[in-house]
Each structure stands twice: as structure tokens, then as C-alpha cells.
Chemist: 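Sharing a structure below in C-alpha cells format, with a few things to ask.
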Amino acid sequence: MKIPTNSVSPSDFIRDIIGEDIKTNKYDGRVHTRFPPEPNGYLHIGHAKSICLNFGIAKEFGGLCNLRFDDTNPTKEQAEFVESIIGDIRWLGFDWEDRLFYASDYFDKLYEFAVQLIKKGKAYVDSLTPDEIREHRGTLTEPGRESPCRNRSVEENLDLFERMRAGEFEDGAYVLRAKIDMSSANLNMRDPVMYRILHATHHRTGDKWCIYPTYDFAHGQSDSIEGITHSICTLEFEDHRPLYDWFLDQLDIHHPRQIEFARLNLSRTILSKRKLRQLVEEGYVNGWDDPRMPTISGFRRRGYTPEAIRDFCERIGVAKNESTIDIALLEHYIRQDLNKRATRVMAVLRPLRLVIDNYPEDSVEELVAINNPEDAGMGTRKVPFSRVLYIERDDFREPPPKKWFRLAPGREARLKHAYIIKCERVVRDEKTGEVIELHCSYDPETKSGEAKAGRKVKGTLHWVSAAHAIDAEVRLYDHLFLKENPDDVGEGSDFRANLNLHSLETLTACKVESSLAGAKPGSRYQFFRLGYFCVDPDSSDGKLVFNRTVSLRDTWAKIEEALRNG
RNA sequence: UGGGGAGUCGUCCAACGGGCAGGACACAGGACUCUGGAUCCUGGUAUUGGGGUUCGAAUCCCUGCUCCCCAGCCA
């Protein structure tokens with residue numbers, strides 16, 4: 001059976017531009033993109049959008065896509081993040097072959113570029129302090145003032161820059177600046193910093209350097225060096241484009257075309273590395289791969305598939321319009337994918353003991369269960385049935401509400417793959433009144449699959465045989481934030497005020513069918529009538545732990561809510 | 001009040017040089033169902049305001065309004 005992918009014909013303004021460039025033979029008809037993460041955190045679903053875009057476009061147009069780490073700031077970057085990013089992109093299903101690069105690969109070249117600009121009189125070493133530089137920059141409405149160092153001689157600049165590199169100065173003592181225009185309306189053109197002194201160990205170059213290029217001085221040239229044709233980035237870099245153009249023009253080197261698009265925003269989700277890091281560091285979640293995190297590794301652990309994430313990224317489109325996607329759309333795609341491929345099993349999350357009084361005491365039947373009604377090729381399995389079972393507490397109500405199809409005193413329901421039963425008697429705890437056991441009768445004529453199983457009942461319940469079931473822990477997840485927009489907070493407060501304190505519910509007394517014994521971490525199932533679940537790596541030989549990836553759509557919950565609201 | 005961007009159903013995205021505003025999700029109703037799942041029908045709501053040009057404007061012109069980004073030696 002074919003796994004459906006969403007083949008929306010991918011067309012958007014970026015692909016249109018590239019198609020046009022191919023038609024006019026710009027860049028000799030080549031298409032070469034890149035995904036340029038900074039290794040200062042884990043990748044999230046917003047990065048997935050960019051990854052799918054860059055790798056997707058390259059593939060569609062018969063081009064290439066590089067992976068390049070923009071590692072120009074050793075104080076924030078770590079090898080750990082490089083590893084996780086590489087793993088995440090692979091998991092998403094993309095391949096950069098031998099084209100794994102680092103901006104730090106180009107540090108020598110970038111240094112030469114800087115020297116070139118100094119020699120051209122287009123860059124100078126400034127001894128102003130950070131505060132002074134800020135003051136000289138002017139404001140949004142007022143022009144800046146030129147630094148007194150702006151007219152140093154080329155020789156002096158060369159000497160100072162060399163000594164910066166040699167480690168003669170403290171952090172912050174000097175910077176190298178481009179000499180452009182202090183009165184430009186675009187603040188990025190007001191003599192931006194190209195190099196700063198940072199006595200820090202770099203995750204790749206170690207202590208070779210104590211000066212590092214800024215992103216602005218490294219990014220465009222890195223793209224140029226790699227022969228990138230289309231540099232796709234997010235909207236906030238629109239203002240930087242004239243600066244990148246200026247560097248490329250002054251250096252007279254290959255000139256990629258930069259195209260900006262709107263980054264992804266998701267409702268009830270935060271997609272800012274800084275804030276995600278805060279959630280991790282302040283212990284609101286259990287690490288970057290906590291299944292509640294919108295990181296790729298979080299989604300992976302939660303049970304999402306790469307296919308679902310790719311379909312989602314394709315469907316949301318690409319535009320320059322800032323927008324927020326409804327998280328329900330992402331959930332739709334994981335349900336769609338898992339519906340087609342997940343094995344159905346029975347698991348009872350909140351067990352209620354049920355005794356079938358007229359069923360033979362020591363008898364055990366092996367009933368045939370279909371693994372996936374969406375895919376006959378997935379076959380069948382046997383599930384044991386016996387006199388004492390567990391069903392979901394939620395499947396019994398007394399008194400039954402309107403439109404209730406499940407069990408209630410005197411009511412009938414079908415046990416999936418088994419028999420129709422009738423609720424005859426309810427046992428309650430004398431003190432609390434809590435229902436602790438149900439006594440039922442079964443109709444032997446109604447066995448599933450038998451020719452005369454004929455009779456219809458509205459409700460079908462899942463169950464496990466008490467004697468055969470295995471214990472499991474199940475972790476239920478809800479959105480991390482209560483508000484659609486987590487940043488919607490009052491003065492003096494921040495996104496943490498909108499955190500959902502009940503985003504994780506751990507159930508430790510769950511009972512799952514015996515076929516799940518030995519299930520491997522990462523395996524995905526549909527727990528019948530409940531949702532999609534995935535075995536968590538926390539599982540051990542004797543203890544299964546499941547994460548709920550996403551619940552099934554719950555029509556009854558809607559009906560009940562409608563009833564409540566009259 | 002400088003510069004750069006953006007405004008189409010509830011939410012996203014379409015409508016390629018003016019020609020019936022379409023799809024997905026969400027929502028509502030129904031059919032079907034041994035998952036209140038899936039599937040299948042059906043339905044509603046949108047062009048930022050105001051002026052023009054035109055037989056005809058989301059699209060062209062003028063003029064407002066709203067929102068986002070920029071004053072890191074972050075990316």
C-alpha cells in the first residue's frame with residue numbers, strides 16, 4: 001500500500017523566482033542552496049520548514065543543497081549541537097552527501113577578504129568602546145557620527161588588524177569596521193563591525209583564532225565561496241541584503257541571490273531558541289528532546305514521523321506574510337500518517353475490573369484481531385480473552401448521559417474482537433462510592449467473526465484480559481502553553497506565565513495487551529480508540545513506557561461538551 | 001515622526017500580463033462503521049478603509065489605516 005504524501009504542487013514565490021532564473025540562464029541554470037544553522041541549540045519545527053525548503057528546492061530543480069554551520073561565535077556554540085543538528089536533518093530524510101561545511105572552514109579566507117578591504121580603504125580598525133560605537137550609530141531617525149578612527153591610514157589599519165589577530169589586545173579593545181555610510185537610513189550600513197576580538201576556544205578551530213568575523217561579514221561570503229545561487233533566509237535579514245551586496249561587490253566575488261521568507265510560527269508553541277533553552281535550563285521540561293518540546297528531537301521522541309513533518313512543511317506554504325499556523329494542522333498530518341501505518345493494539349489506561357459471570361472460570365480463548373483495518377497486508381494476531389478483564393473507566397457511566405453508547409447498568413456493548421456483554425451489576429466501594437468492579441454477562445452467540453454474530457450494538461469497547469495483560473506506564477502530553485500565543489502576557493510578565501502546568505500526565509497503572517511485550521523504543525502503535533503511542537527510550541526490559549503522540553479525534557468529547565453547553 | 005517588509009474565509013496558502021475568488025485545516029450537519037477512529041457526502045463565512053481607471057479590479061492608479069523587522073562587538 002502506498003503511503004500517501006501530500007502532493008500539493010509545490011509552487012510559491014521562491015520557486016517562481018528560481019524557475020525564472022533558470023529560464024534566463026542566470027548562474028548557468030544552476031540551482032545550489034544551503035541550510036545554514038548556528039550550532040547553538042537544537043533544531044525545531046521552524047528549522048524543519050527551512051530544511052524542507054532548501055533541500056526540497058534543490059531536489060526539484062536538479063540542484064544541490066549544502067549543510068553549513070554558521071559557527072562564527074565560539075562563546076555560544078558547541079559540538080553537541082553540531083551532532084544533534086546532523087542527526088535531526090538525517091532523520092528528516094535529507095542528504096548533503098559530502099557537502100558538510102562550516103563557516104569556520106573559511107576563517108583564513110575571510111581574514112584575507114578583510115585585509116583586501118582594508119587595503120582598498122573600505123575597512124578600518126576602531127578603538128571606540130561598545131558604548132561609544134552605539135552612541136555614534138545615531139538612531140532610527142537621526143544619522144550617526146563618524147568615528148574619530150575612521151581615517152586611520154591603511155598601514156596603521158593593517159598593523160592594528162594583524163596585532164588583533166596576534167592576540168596583543170583584550171576582548172573589546174578594537175574592532176574592524178566596514179567604511180560605508182554613517183548617515184545611511186539603513187542602520188546596517190552605518191559602518192558595521194566585521195571582526196571582533198574574542199579570546200575563546202572555538203569548537204573546531206580551537207585556539208587558532210582570537211578574532212572572529214561577525215555573522216554579517218561571514219554569511220554572504222560563505223555562500224559566495226560555496227557557489228550558492230539562491231540564499232534563502234528569513235525576513236529579518238531583508239535589511240542586511242544591501243550590506244551583503246556591498247561586501248560581495250567590493251570583493252568582486254560570486255554573487256548569490258538572497259530571497260527572504262516568513263519564518264514559521266505555531267499556535268500554543270514557542271519557537272525561539274533563546275526561550276526553548278530557557279525551558280530546558282530552568283527545568284520546565286526534561287531536556288531538549290522532551291516530547292513536549294517543538295524540537296525535531298522532541299517530536300521524534302514523541303512519535304512523530306519524518307513523513308508527517310515533511311507533509312506539514314509542504315502544506316503550510318512559503319510566503320513573506322508573517323503568520324501563525326494552527327497546531328491542529330500538524331496534528332492532522334501525524335494522524336493521517338499513523339492511521340495508515342500504525343498497528344492497532346488494545347491498552348487500558350485507567351483500568352476498571354470487569355467480570356463476565358457466565359463465562360467459564362478457567363477458559364482462555366485466543367481471538368483473532370486485525371492489525372490495521374487500513375492495510376490488510378499488515379495481517380492479524382491473537383489476543384487472549386478470559387473471564388476477568390479490564391476496561392477503561394471512562395467507558396462506564398452511571399447514570400448514562402444522553403447519546404451514551406457505552407456501558408451503564410443494564411446496557412450492552414461489544415468488546416472488540418470478542419462478544420457483546422451486558423452490564424448486570426456494579427460493585428462500589430462502601431466508603432467512597434467509587435465503582436470498583438463491574439459484573440457482566442456475555443452472549444456466546446455474538447462472537448466476532450462468526451457467521452451469526454449478527455446483532456448490532458452501538459458501542460464497541462477495548463479491553464485486556466486481566467491474567468494476561470502487562471503493566472505499562474503511559475505519558476500523556478498536552479500543549480505546553482495555555483494560550484494560542486504564549487507571548488500574550490501582561491506587563492512585567494513573560495511567556496512562562498502561560499505555561500500549562502498539566503502538560504504532562506503520567507499514568508503508572510496501565511494495562512496493555514500481551515503482544516506488546518518486548519516492544520522496542522521508537523515503535524509506534526494505535527491504542528484502540530485512544531490515540532497513537534510510541535515506546536519511549538526510558539523503557540527497560542521489565543517496564544514499558546509509552547508516549548502519547550496524539551490522541552484520536554474524539555467526537556464523543558465534542559458531543560458531551562455540546563450537551564454541557566445546552 | 002528614518003529605512004525595509006506585509007495585509008484574501010476562523011487559520012494557513014492559491015488565483016501566472018485585470019474575466020464566476022479556489023484548496024487544506026478548523027467548524028457545523030448527514031451517511032457509514034465491531035475504533036464516537038478512518039472514509040464519504042453537504043454547508044457557511046474572506047479580498048485592510050476610501051476614491052478612481054475599466055464593460056469588468058484581489059489584481060492597475062491615488063490616498064488613508066493596521067501589523068512586523070532594524071539602533072548586538074548575537075545569528
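Reminder, nothing fancy here: chain letters follow the sequence lines and each chain counts from 1.
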Chemist: Would you please name every residue forming a side-chain hydrogen bond (donor to acceptor under 3.5 Å, both in side chains) with D245(A), sequence neighbours left out?
Modeler: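 For D245(A), the residues satisfying side-chain hydrogen bond (donor to acceptor under 3.5 Å, both in side chains) (neighbours in sequence not counted) are H255(A).
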Chemist: When rounded to the nearest Å, what value does the distance between C1' atoms of rG7(B) and rG64(B) take?
Modeler: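 Those two atoms are separated by 14 Å.
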Chemist: Can you tell me how far C1' in rC32(B) sits from the matching atom in rG37(B), rounded to whole Å?
Modeler: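 Straight-line distance between the two C1' atoms is 13 Å.
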Chemist: When you measure from the side chain of L329(A), which nucleotide among rG36(B), rA24(B), rA6(B) comes out closest?
Modeler: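 Of rG36(B), rA24(B), rA6(B), rA24(B) is nearest to the side chain of L329(A).
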Chemist: So which nucleotide from rU11(B), rA24(B), rG5(B) ends up closest to the side chain of R315(A)?
Modeler: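 Of the candidates, rA24(B) comes closest.
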Chemist: Rounding to the closest angstrom, what is the interatomic distance between rA21(B) and rU35(B) at atom C1'?
Modeler: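 Here rA21(B) and rU35(B) have their C1' atoms 39 Å from each other.
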Chemist: Roughly how many Å apart are rU42(B) and rU53(B), using the P atom of each and rounding to a whole number?
Modeler: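 These two P atoms come out 42 Å apart once rounded.
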Chemist: Distance check needed: rC34(B) P versus N371(A) CG, whole Å only.
Modeler: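 Computing the N371(A):CG to rC34(B):P distance gives 19 Å.
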Chemist: rG36(B), rC13(B), rA26(B): which one has an atom nearest the side-chain heavy atoms of H332(A)?
Modeler: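 Selected nucleotide: rA26(B).
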Chemist: Please enumerate all residues that pass salt bridge (charged side-chain N to carboxylate O under 4.0 Å, His left out) together with K458(A), with sequence neighbours excluded.
Modeler: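 K458(A) satisfies salt bridge (charged side-chain N to carboxylate O under 4.0 Å, His left out) with no residue once adjacent residues are dropped.
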Chemist: Checking T33(A) now: which residues fulfil side-chain hydrogen bond (donor to acceptor under 3.5 Å, both in side chains) with it, not counting sequence neighbours?
Modeler: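 With sequence neighbours excluded, T33(A) shows a side-chain hydrogen bond (donor to acceptor under 3.5 Å, both in side chains) to no residue whatsoever.
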Chemist: Can you tell me if T141(A) touches the phosphate of rG3(B), counting only side-chain N or O atoms and a distance under 4.0 Å to OP1 or OP2?
Modeler: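 The answer is no; no side-chain N or O of T141(A) sits under 4.0 Å from OP1 or OP2.
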Chemist: Once you apply a heavy-atom cut-off of 4.0 Å, does H417(A) come out as touching a base, just sugar-phosphate, or nothing?
Modeler: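 Base: the residue H417(A), judged by heavy atoms under 4.0 Å, touches a nucleobase.
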Chemist: Looking at rG36(B), does its base get a donor-acceptor pair with the side chain of R406(A) below 3.5 Å?
Modeler: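 Side chain to base: pair present.
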Chemist: Would you mind classifying the nucleic acid contact of L530(A) as base, sugar-phosphate or nothing, using non-hydrogen atoms under 4.0 angstrom?
Modeler: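 Since no nucleic acid heavy atom lies under 4.0 Å of L530(A), the category is nothing.
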Chemist: Is the gap between the ring centers of Y419(A) and Y442(A) under 6.0 Å?
Modeler: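 Yes: the rings meet the under 6.0 Å criterion.
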Chemist: If we take the P atom in both rC60(B) and rA38(B), what is their distance in whole Å?
Modeler: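 Roughly 42 Å separates the two P atoms.
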Chemist: Output the single nucleotide from rG36(B), rC12(B), rU8(B) whose closest atom is nearest the side chain of N321(A).
Modeler: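 The answer is rU8(B).
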Chemist: Please state whether the phosphate of rG36(B), meaning OP1 or OP2, lies under 4.0 angstrom from any side-chain nitrogen or oxygen of K458(A).
Modeler: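 No.
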Chemist: Dot-bracket, RNA chain B: Watson-Crick or G-U, under 3.5 angstrom, [ ] crossing, | other strand?
Modeler: .((((((..((((.....[..)))).(((((.......)))))....(((((..]....))))))))))).....
Chemist: Heavy atoms from C-beta onward define the side chain here; which of rC12(B), rU35(B), rC25(B) lies closest to that of K416(A)?
Modeler: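 Among rC12(B), rU35(B), rC25(B), the one nearest the side chain of K416(A) is rU35(B).
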Chemist: According to side chain to side chain contact (heavy atoms under 4.5 Å, CB included), who are the partners of L128(A), at least two apart in sequence or on a separate chain?
Modeler: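 By the side chain to side chain contact (heavy atoms under 4.5 Å, CB included) rule, L128(A) matches D126(A), E132(A), I133(A), H136(A), S147(A), P148(A), R177(A).
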Chemist: rG4(B) and rC20(B): how far apart are their C1' atoms, nearest whole angstrom?
Modeler: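 It comes out at 38 Å once rounded to the nearest Å.
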Chemist: For residues W463(A) and F385(A), establish whether the separation of their ring centroids is below 6.0 Å.
Modeler: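 Yes, the ring centres sit under 6.0 Å apart.
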Chemist: Counting heavy atoms from C-beta on, name the nucleotide in rG37(B), rU11(B), rG36(B) closest to the side chain of D326(A).
Modeler: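 My answer, after comparing the listed nucleotides, is rU11(B).
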Chemist: Picking from rC25(B), rA6(B), rG37(B), which would you name as closest to the side chain of K320(A)?
Modeler: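 Minimum distance to the K320(A) side chain belongs to rA6(B).
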Chemist: So, using side chain to side chain contact (heavy atoms under 4.5 Å, CB included) as the criterion, who are the partners of P242(A) when residues are at least two apart?
Modeler: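 Side chain to side chain contact (heavy atoms under 4.5 Å, CB included) check on P242(A) returns N186(A), M189(A).
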Chemist: Given the P atoms of rG10(B) and rG3(B), what is the spacing between them in whole Å?
Modeler: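 It comes out at 34 Å once rounded to the nearest Å.
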Chemist: Please identify each residue that fulfils salt bridge (charged side-chain N to carboxylate O under 4.0 Å, His left out) with D487(A), with sequence neighbours left out.
Modeler: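 D487(A) satisfies salt bridge (charged side-chain N to carboxylate O under 4.0 Å, His left out) with K275(A) only.
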Chemist: Assign P242(A) to base, sugar-phosphate, or nothing according to its heavy-atom contacts below 4.0 angstrom with the strands shown.
Modeler: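 Contact class for P242(A): none.
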Chemist: Which letters describe nucleotides 68-75 of chain B, given B = protein heavy atom under 4.0 Å from base, S = only from sugar-phosphate, - = neither?
Modeler: SBBBSBSB
Chemist: Looking only at the side chains, is there a donor atom on one of N321(A) and S323(A) sitting less than 3.5 Å from an acceptor on the other?
Modeler: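 Their side chains do not contain a donor-acceptor pair, so the 3.5 Å distance test is not met.
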Chemist: Once salt bridge (charged side-chain N to carboxylate O under 4.0 Å, His left out) is applied, do any residues pair with E135(A), and if so which ones, sequence neighbours excluded?
Modeler: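 For E135(A), no residue satisfies salt bridge (charged side-chain N to carboxylate O under 4.0 Å, His left out) once neighbours in sequence are set aside.
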Chemist: May I ask you to check whether F81(A) and H203(A) place their ring centres under 6.0 Å from each other?
Modeler: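 Judged by ring-centre distance (under 6.0 Å), H203(A) and F81(A) do not meet the cut-off.
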Chemist: Starting at atom CD1 of I559(A), determine the distance to atom C1' of rG37(B), rounded to an integer number of angstrom.
Modeler: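 Atom CD1 in I559(A) sits about 13 Å away from atom C1' in rG37(B).
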Chemist: Counting any heavy atom closer than 4.0 Å, what does V318(A) reach on the DNA or RNA strands: base, sugar-phosphate only, or nothing?
Modeler: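 Sugar-phosphate contact only - V318(A) comes under 4.0 Å of backbone atoms but never of a base.
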Chemist: Could I get a table of every N or O pair under 3.5 Å where one atom is in the protein and the other is in nucleotides 28-30 of chain B?
Modeler:
none

Chemist: When N40(A) is tested against each of K273(A), R274(A), E77(A) for side-chain hydrogen bond (donor to acceptor under 3.5 Å, both in side chains), which residue passes?
Modeler: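 Testing N40(A) for a side-chain hydrogen bond (donor to acceptor under 3.5 Å, both in side chains) against K273(A), R274(A), E77(A) leaves exactly one candidate, K273(A).
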Chemist: Who pairs with D478(A) by salt bridge (charged side-chain N to carboxylate O under 4.0 Å, His left out), at least two apart in sequence or on another chain?
Modeler: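 Checked D478(A) against salt bridge (charged side-chain N to carboxylate O under 4.0 Å, His left out); zero matches.
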Chemist: Looking for any heavy atom pair under 4.0 Å, which part of the strands does R344(A) touch: base, sugar-phosphate only, or nothing?
Modeler: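 Base, at least one base atom sits under 4.0 Å.
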Chemist: With distance as the sole criterion, is a donor-acceptor pair present between the side chains of N371(A) and R381(A) under 3.5 Å?
Modeler: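 Yes, because at least one side-chain N or O of N371(A) sits under 3.5 Å from a partner of the opposite role on R381(A).
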Chemist: We want to know whether E226(A) and Y106(A) form a side-chain donor-acceptor pair, criterion being a heavy-atom distance below 3.5 angstrom.
Modeler: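 Short answer, yes.
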Chemist: Using the C1' atoms only, state how far rG52(B) lies from rU59(B), rounded to an integer number of Å.
Modeler: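 Looking at atom C1' only, rU59(B) and rG52(B) are 15 Å apart.
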Chemist: Please tabulate, one pair per line, each protein N/O and nucleotide N/O from nucleotides 39-46 of chain B that are separated by under 3.5 Å, including the distance.
Modeler:
none

